[in-house]
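None of the values given here were measured: they were computed from a predicted structure.
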Amino acid sequence: MQWTLVVPLKPLAQAKSRLADTADDGLRPDLALAFAQDTVAAVLACPAVRDVAVVTDDARAGRELAALGAAIVPDEPGGGLNAALAHATGVVRSARPGSPVAALNADLPALRPAELSRVLEAAAEFPRAFLPDAAGIGTTLLAAASGRSLLPAFGTDSRARHRASGAVELSLTGVDSVRQDVDTGDDLRSALALGVGPHTAAAAARLLIPGQ
């Protein structure tokens, strides 16, 4: 089974506001793009993935991620994260009606293709499944089998919301890179400890992070 992954990315100028204690206004857009570049590159290197669709209205991000091999889907609804994911999933499935689809966060700079393969293999056992983030509150991946609606419920307390929606929570060990999203300075330190991709490493080198 090969998956299509949908990766949502808000305009870079609005991204990663919670990193304000670690990166200034001029650097946060570069970090957000770097996270996305390393995420998409790792996804495209995953043998379980057929293709990647990034849903964004950011022209710079669209250019850079398309250069990596991602398809770019405009955020036509403009109604927030879940509306963007539902729209992009519809676009993907209009081209491949039978494709299993998974939504994946764009801020997984330490993502390992082999770990993503393990998560997708586990998700394939269920109609809908999700992986909680490292903090245990949010969600980094939500998967839907062929013929099943994604029904994204990302946002505050998305772990509880996805569980309540009937999606199966995946309890896997050894997939830290798929769970470690980056919202705060502490998250970034954790990702750096796991080992980030080259774009994030270059952007993070411009920061003064103790222990980096």
L108, V55, T56, V52 screened by side-chain contact (heavy atoms from CB on, under 4.5 Å) with V7, the one that passes: V52
Joint cluster assignment, F130 & L104, ILVMFWY side-chain distance < 4.5 Å: no
E121 atom CD, neighbour heavy-atom count above 12 within 6.0 Å: no
Output field: ring centroids H162/F154 closer than 6.0 Å: yes
same_hphob_cluster(L5, L68) at 4.5 Å side-chain heavy-atom cutoff: yes
Pair R161, T139: side-chain N/O donor-acceptor within cut-off below 3.5 Å: no
Short side-chain donor-acceptor distance under 3.5 Å, D51 and T4: yes
Sidechain N-carboxylate O distance under 4.0 Å for D186, R189: yes
In one Ile/Leu/Val/Met/Phe/Trp/Tyr side-chain cluster, 4.5 Å: V6, V119: no
Polar side chain donor-acceptor pair, S190 to D187, under 3.5 angstrom: no
hydrophobic_cluster_shared for L151 and L170, side chain cutoff 4.5 Å: no
From L192 atom CG to T200 atom OG1, the distance as rounded to the nearest 0.5 Å: 8.0 Å
Under-4.0 Å salt bridge between D183 and K16: yes
